[in-house]
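Read through the structure below, which is laid out as structure tokens, and then see the notes.
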Amino acid sequence: MKYIYITIIGILMTLPFCHVKSQTTIKLDEVAVVASRTTNNAEGYTTSLRGSKLTKGKNAEETLKLLPNISFDNETFKINGLPVGDIYLNGDKLRDVSELRTISGDMMDKVVVKYLEEGEQHESLSGGAIYIQLRRPSENGYYGSVQANCDWQKSSGWGNESISALVNSRVKSLSIYDNFSLGEIKNKSVTLQTTHDDNGDESIEEKEQNHGTFFKNRLSLTQQFVSGTTIGASYFLSTNKSFPSCFTPLKEINGDAHVVSQEGTIKSVVPIKKIKGKWEIVADYYNRTSKLDKLYVENGSNAGASEEKNNLNFWKFSSVLSHRIPRMSMMGKYGVSVQTINSKYTPRLSDMSESLTLTNSPYETQGLSMECYASFAGILGKMQYNLSLKGRMNKIEFTDMEQQLDNENQQWAITPTVQLMYPLGRKNQRHSLLFTYKRVLNDIPYSVISSVSTWLDSYNYVTGNPDLVAPSSDLIMLGVQLFRNKLMFNGMLARAHNNIYWQTFKDENKENVFFTKPINLSGQNLWGVGGEWNENPTEWWHFKLLGRFELRPENIKLDERNFKDNHVKWYFSFANNFYFKKGWGGYLNADYEPKYHTYDRIYHDVYSVGGQVYKSMLNGKLQLALDFVAFGQRRQMERQLSKEIVTRKDITSVQRLGITAVWNFSGGKKVKVNVVDGIQEYREIKDN
């Protein structure tokens, strides 16, 4: 469920990296103490990956899964059990995290993990942000890689071929980063939908397939001046052409989709020596256009056709002033930002059957968000702190062009954040305590403020809700880090207001047809605890074991049904990494999520076991890898309506094999490289 998904985990623990002699240091711009490969602070931690075994044979995505406090659940990165807000690469925000799969882990220099978003970033109850810094390239030189992939899936055979290339270089004081990839898409799946009611059970088998092509390219340029000023620009382009189809014995939907995304960012950083600070100004633009044509077939005859066009435009301007306050051993930050959005939807229907529920009304959405904040970070005695206060305004306008329906909503909020870390232990400060409190007003849920109904398959569709408001939340988190983060525990209490939930309804005019609609729910509480253990039993084996427990009290009425139960959710993960001689290595991972309830839904057990074997040759220049999923079980979900129970089970085989070949290259002398920071924010809210 990709709405504001509140979860809990106590994942606090680091890997047993090679340690250097400990010493106490103070660095105000990061408010960090204890010199080692992993350095903790009140906001999170910074870990050095240069020369680490964790990166061997892995790409950047696989490496992140091994870091402290980070988990990977349902194709989503999480920090402390909460979905990650943003991932940055050399300052560029990654809208498509698949880019991480094109980056060799050996290219990673350091990773900064912040448990909660900073004041200058978007506001949400998320698991914070991940900042990845690549190794510094050579002086007047370069490094990079060329990578080729393909895989075999039991359900669809060989396919998903792709090729990518990455270059990170520096020409005098100009930094250049470019990463492109292109390939084809090929997937097949089978879902079984069963309706249980007083008349018995009725099952329908749905087969879905999708094929197409994609192209992506990110180019970033940054010019550094002798004065310390930097000016950078970044441009990202992504195109995707696909042909999704869905088949049942009596119904068929054939699609033709084309999506183009573009983002441009300009950033300047000017040092201000008088106040020992800097001034950052960022302008960010994002555009996403899509066209989706669908042909509907019933009983072998055409039931209609639809054409949907979407055009989305984002603009964001931000200004941040940061400086040191020596007398108070403090770092201060002050920022303002303005973000606008304009979204237009234009449909066209032809020869539509009465059995289809579609809208023919164009609509336009306009939004405005304004923020101002101040934050202060420093050290008081042994305790590190980070305090911030933000004021935020959200405004949204929705207009249905055909029905002349207008809806306007405006929200204001003052949101404080308190983050504290207290180191323990006289020697080396090997342990620490953490405390966090945060109140947030989330981003406006633009993507689902609409009147559109979209068919997911022949018997299910989703519809928007123009009356939605942005959720707000309160969060308290306590944590303990032991033995220099090798063992960590975490507890959390969260309360959400106006949380977005996808409620299921039956289409009264169509047999066996159901739809979901996003609604705002009143206050919800969540309690959770969790833990993580990282260890190196031998030189060639490292493992990471984590688990989390959540208690979700329910006290609400939906569709004339009362929900007053206390539901429990568990999650377990066991990652094993192996490092052998002569360039051999691999990993073996297992994940398990037992059955759990949430309001009118039941999610059944999900598990998987998979891994990788790799071989590095020619001094690391060439690497061949074979990754696999040996066995597992996909999702089965039950939706409980007043008179029916609808079960959807993905019965597609999980077995797969993937083959990857990577060629690495480099040359030159070492120099420092900066790239531009894109901060635009747009999130689609979907029902899982």
Check whether [X] reaches the backbone of [Y] with its side chain - one donor and one acceptor, N or O, closer than 3.5 Å.
X: N302; Y: G304; value: no
X: K186; Y: S156; value: yes
X: E298; Y: L250; value: no
X: N394; Y: N442; value: yes
X: S653; Y: S155; value: no
X: N589; Y: G610; value: no
X: R635; Y: H604; value: yes
X: Q339; Y: S318; value: no
X: N465; Y: P518; value: yes

With a 6.0 Å cut-off (strictly less than), is the heavy-atom count around NZ of K65, excluding the residue itself, greater than 12? yes

What do you reckon, is CZ of F180 surrounded by more than 12 foreign heavy atoms closer than 6.0 Å? yes

Contact between [X] and [Y] at the side-chain level, heavy atoms closer than 4.5 Å - yes or no?
X: T660; Y: L624; result: no
X: I500; Y: N520; result: yes
X: Y235; Y: Q262; result: yes
X: P244; Y: Q209; result: no

Describe, in one word, how the ring planes of [X] and [Y] are oriented to each other, choosing from parallel (under 30°), tilted (30 to 60°) and perpendicular (over 60°).
X: Y286; Y: F314; result: tilted
X: Y285; Y: W315; result: tilted
X: F505; Y: F515; result: parallel

Residues [X], [Y]: salt bridge by 4.0 Å N-O rule:
X: K291; Y: E307; answer: yes
X: E206; Y: R648; answer: yes
X: E397; Y: K395; answer: yes
X: E99; Y: R218; answer: yes
X: K316; Y: D284; answer: no
X: E205; Y: K649; answer: no
X: K241; Y: D256; answer: yes

Just checking, K216 and F214: is the charged tip under 6.0 Å from the six-membered ring centre and within 45° of the axis? yes

Assess K207 against F247: is NZ or CZ under 6.0 Å from the centre of the six-membered ring, and within 45 degrees of the ring's axis? no

Using the side chain to side chain donor-acceptor pair (under 3.5 Å) definition, which of the options N342, T340, N287 pairs with N313? N287

Just to verify, which of D178, T239, N179 counts as forming a side chain to side chain donor-acceptor pair (under 3.5 Å) with N217? D178

Testing the basics here: between D151 and G658, what is the closest heavy-atom pair and its distance to 0.1 Å? CB-CA, 3.9 Å

Residue pair L166, Y177: steps toward the side chain to side chain contact (heavy atoms under 4.5 Å, CB included) verdict: CA-CA 8 Å; L166 180 154; Y177 171 87; 3.7 Å; yes

Determine, step by step, whether V629 and Q655 satisfy the side chain to side chain contact (heavy atoms under 4.5 Å, CB included) criterion, reporting the C-alpha distance in whole Å, the side-chain angles of both residues, the deciding distance to 0.1 Å, and the verdict. CA-CA 5 Å; V629 176; Q655 281 77 24; over 6 Å; no

One pair to check against side chain to side chain contact (heavy atoms under 4.5 Å, CB included): I266 and I281. What are the steps and the verdict? CA-CA 8 Å; I266 298 177; I281 302 176; over 6 Å; no

Criterion side chain to side chain contact (heavy atoms under 4.5 Å, CB included) on L134 and I103, from CA distance to verdict: CA-CA 9 Å; L134 299 183; I103 300 171; 4.0 Å; yes

